[in-house]
Peer 1: 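Take this structure first; my questions come after.
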There are 2 protein chains.
Amino acid sequence: MAAGIALADRDGIESISMRKLAQELGVEAMSIYTHVRNKDDLLDGMVDAVIGQIPTTADGAGGADGADGADSAADADWATTLRQMALAARAVILTHPWAPPVIESRTAPGPATLRHIDAVLSVLRKGGFTVAQTHHALHILGSRLLGFTQDLFDDSAGSSGALDPETAAGIVSELGATLPYIAEMALAVTHQGALGGCDDDAEFQFALDFILDGLAGLQNR
Amino acid sequence: MAAGIALADRDGIESISMRKLAQELGVEAMSIYTHVRNKDDLLDGMVDAVIGQIPTTADGAGGADGADGADSAADADWATTLRQMALAARAVILTHPWAPPVIESRTAPGPATLRHIDAVLSVLRKGGFTVAQTHHALHILGSRLLGFTQDLFDDSAGSSGALDPETAAGIVSELGATLPYIAEMALAVTHQGALGGCDDDAEFQFALDFILDGLAGLQNR
DNA sequence: ACCTGAACACCGTTCAAGT
DNA sequence: ACCTGAACACCGTTCAAGT
């Protein structure tokens with residue numbers, strides 16, 4: 001599993017084949033089948049190993065479970081804990097950029113993934129959410145709990161990629177006729193970030209905080 | 001493109017190969033390369049054709065652009081319009097269950113996708129959002145604008161799949177030891193839906209409304 | 001239990017050739 | 001412009017065989 005992760009980190013996910021991984025391990029392709037049912041099983045294992053790298057915030061609990069802390073102290077802190085967990089997950093996932101698409105294509109979660117989700121649920125339940133509210137929160141947070149969002153705009157005209165002001169202006173005037181609002185946003189985003197495109201880290205945190213704020217409101221209904 | 005979509009609808013995405021698609025078209029595999037640069041280009045085209053199937057809500061504008069409607073009327077309705085657009089997108093996407101993972105794996109949006117995003121931006125801007133707020137909203141909404149979320153829990157113990165009460169109870173007691181909160185949620189979800197698992201449509205709408213509510217708050221800051 | 005090597009049924013894509 | 005057929009360099013996975 002570790003060899004597979006290292007290979008994907010180095011050469012990208014498309015270079016993960018039984019033959020290439022075997023070569024990396026100094027072994028024949030078929031030997032891998034002793035340890036893994038098939039290629040899908042290999043990917044399952046790699047994904048679960050990656051998620052297992054996310055540090056566990058001490059059972060994922062909300063702080064004071066022991067001595068002096070009143071329940072209300074723990075209650076107030078579920079958002080902070082969740083935020084830390086999501087950012088910790090993101091730090092890990094950024095190390096394995098091939099992982100998000102592979103995670104999304106898995107059909108069943110592995111043991112490390114289940115443990116991680118259980119830790120998240122623990123924080124919400126101890127934070128005062130009902131079971132039903134916790135269920136909704138899980139759907140709302142989605143892949144953000146694992147530290148990523150699948151943005152549809154990676155290469156999109158208005159998102160990433162630095163441009164010099166002149167070519168940017170050219171593109172925008174071309175675009176403006178058919179896609180005026182994309183053009184407008186592309187221009188704004190290009191200017192704002194010192195021509196650096198959009199800051200994915202900042203957007204991730206903004207969206208995460210947006211959701212955590214909303215969840216706080218969910219509780220009091 | 002249409003043949004590719006039809007084949008994927010019928011036999012699943014893993015059965016999309018140049019050779020099989022060619023056979024479906026009564027032609028040799030290499031003939032397809034006259035119309036498409038390579039397989040990735042084929043998938044790009046299929047995805048963009050699917051997104052092109054989402055009905056356009058009359059320029060995606062916020063209702064009254066003509067006679068009597070004051071601007072404030074249009075302003076109040078951006079959330080309703082966005083909601084309709086997302087549900088329309090979802091109706092289309094449910095027809096092509098292979099599409100979400102393929103959409104997520106695209107690196108650049110096609111023309112139909114760009115038009116759709118532009119329509120969404122139009123609604124937000126006309127609804128009174130600043131360019132910066134609109135940009136944030138796009139990141140927050142993510143793939144929900146295209147009618148799907150990549151849930152991590154498709155097969156997960158507590159999500160889908162109907163179980164009879166006895167086996168459910170058995171699984172829960174096994175699970176309870178190591179994954180108490182997943183067990184708790186699995187049990188609750190199984191009971192609530194007449195043993196039917198979790199209602200993805202309802203969860204999608206709940207999460208969508210949750211976000212739209214939050215965006216309304218974003219405006220007044 | 002773990003590894004090997006040959007083989008099978010596939011892939012995407014090239015190239016030269018046809019109409 | 002569009003299609004063909006052979007070929008190349010790969011795949012995942014089987015099976016029988018070894019240690």
Side-chain angles (χ1 to χ4, degrees), chain A residues 1-50 52 96-111 113 154-155, chain B residues 1-50 52 96-111 113 154-155:
Chain A
M1 236 75 270
I5 292 173
L7 179 56
D9 286 349
R10 177 156 54 82
D11 295 346
I13 190 66
E14 70 284 356
S15 75
I16 292 284
S17 77
M18 301 309 262
R19 284 169 168 91
K20 282 182 193 154
L21 178 56
Q23 183 183 323
E24 211 73 15
L25 290 162
V27 105
E28 295 299 312
M30 283 312 300
S31 307
I32 299 177
Y33 284 84
T34 315
H35 308 94
V36 123
R37 189 152 30 212
N38 51 33
K39 192 183 177 178
D40 238 56
D41 200 30
L42 171 67
L43 293 173
D44 283 348
M46 286 170 58
V47 159
D48 208 51
V50 164
H96 310 290
W98 51 268
V102 183
I103 293 173
E104 300 287 18
S105 69
R106 298 304 89 197
T107 58
T113 308
D154 279 1
D155 265 299
Chain B
M1 237 77 268
I5 292 174
L7 179 56
D9 286 349
R10 176 155 54 82
D11 296 344
I13 191 65
E14 71 283 355
S15 74
I16 293 283
S17 78
M18 300 310 260
R19 283 167 167 92
K20 281 182 194 155
L21 178 57
Q23 183 182 324
E24 209 73 16
L25 289 162
V27 104
E28 295 299 314
M30 283 313 299
S31 307
I32 299 176
Y33 284 83
T34 315
H35 308 93
V36 123
R37 190 150 30 210
N38 50 35
K39 191 183 177 179
D40 238 57
D41 200 30
L42 171 68
L43 294 173
D44 283 348
M46 285 171 58
V47 159
D48 208 51
V50 165
H96 310 290
W98 51 270
V102 184
I103 292 173
E104 300 287 17
S105 68
R106 297 305 88 197
T107 56
T113 308
D154 279 1
D155 264 299

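Chain naming here is simple, since letters A, B, ... match the order of the sequence lines and numbering starts at 1 in each. Only a predicted model underlies this, so the values are computations on that prediction, with no experimental measurement involved.
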Peer 1: Can you tell me which stems involve DNA chain C, if a stem is defined as three or more consecutive Watson-Crick or G-U wobble pairs, both distances under 3.5 Å?
Peer 2: C:4-8 with D:12-16, C:12-16 with D:4-8
Peer 1: Give the residues of residues 3-27 of chain B touching DNA chain D, defined as any heavy atom closer than 4.0 Å, sorted by residue number.
Peer 2: B/Arg19, B/Val27
Peer 1: Just list the side-chain donor-acceptor pairs under 3.5 Å for residues 1-10 of chain B, sequence neighbours left out, or say none.
Peer 2:
from, atom 1, to, atom 2, distance (Å)
B/Asp9, OD1, B/His96, ND1, 2.9
B/Asp9, OD1, B/Trp98, NE1, 2.6
B/Asp9, OD2, B/His96, ND1, 3.0
B/Arg10, NH2, B/Glu24, OE2, 2.1

Peer 1: In whole Å, I'd like the distance from the CD atom of A/Glu28 to the P atom of C/dA6.
Peer 2: 9 Å
Peer 1: Heavy atoms only: give me the nearest A/Pro101-A/Pro97 pair and the separation to one decimal.
Peer 2: CD-O, 4.3 Å
Peer 1: In whole Å, I'd like the distance from the CD1 atom of A/Ile32 to the C1' atom of C/dG5.
Peer 2: 15 Å
Peer 1: Roughly how far apart are A/Met30 CE and A/Thr34 OG1, rounded to 0.5 Å?
Peer 2: 7.5 Å
Peer 1: Are OP1 or OP2 of D/dA1 and a side-chain N or O of B/Thr34 less than 4.0 angstrom apart?
Peer 2: no
Peer 1: Anything under 3.5 Å between a donor and an acceptor, one on a side chain of residues 11-23 of chain B, the other on a protein residue two or more places apart or in another chain? List them.
Peer 2:
from, atom 1, to, atom 2, distance (Å)
B/Ser15, OG, B/Gly12, O, 2.8
B/Ser17, OG, B/Lys20, N, 3.1

Peer 1: Under 4.0 Å between a side-chain N/O of A/His35 and OP1 or OP2 of C/dA1, yes or no?
Peer 2: no
Peer 1: Are there any protein N/O atoms within less than 3.5 Å of an N/O atom in nucleotides 14-17 of chain D, and if so, which ones and at what distance?
Peer 2:
none

Peer 1: Between side-chain atoms of residues 40-48 of chain A and protein atoms elsewhere (two or more places apart, or another chain), which donor-acceptor pairs fall under 3.5 Å?
Peer 2:
from, atom 1, to, atom 2, distance (Å)
A/Asp41, OD2, A/Arg37, N, 3.0
A/Asp44, OD1, A/Arg106, NH1, 3.0
A/Asp48, OD1, A/Ala112, N, 3.3
A/Asp48, OD1, A/Thr113, N, 3.0
A/Asp48, OD1, A/Thr113, OG1, 2.7
A/Asp48, OD2, A/Ala112, N, 2.8

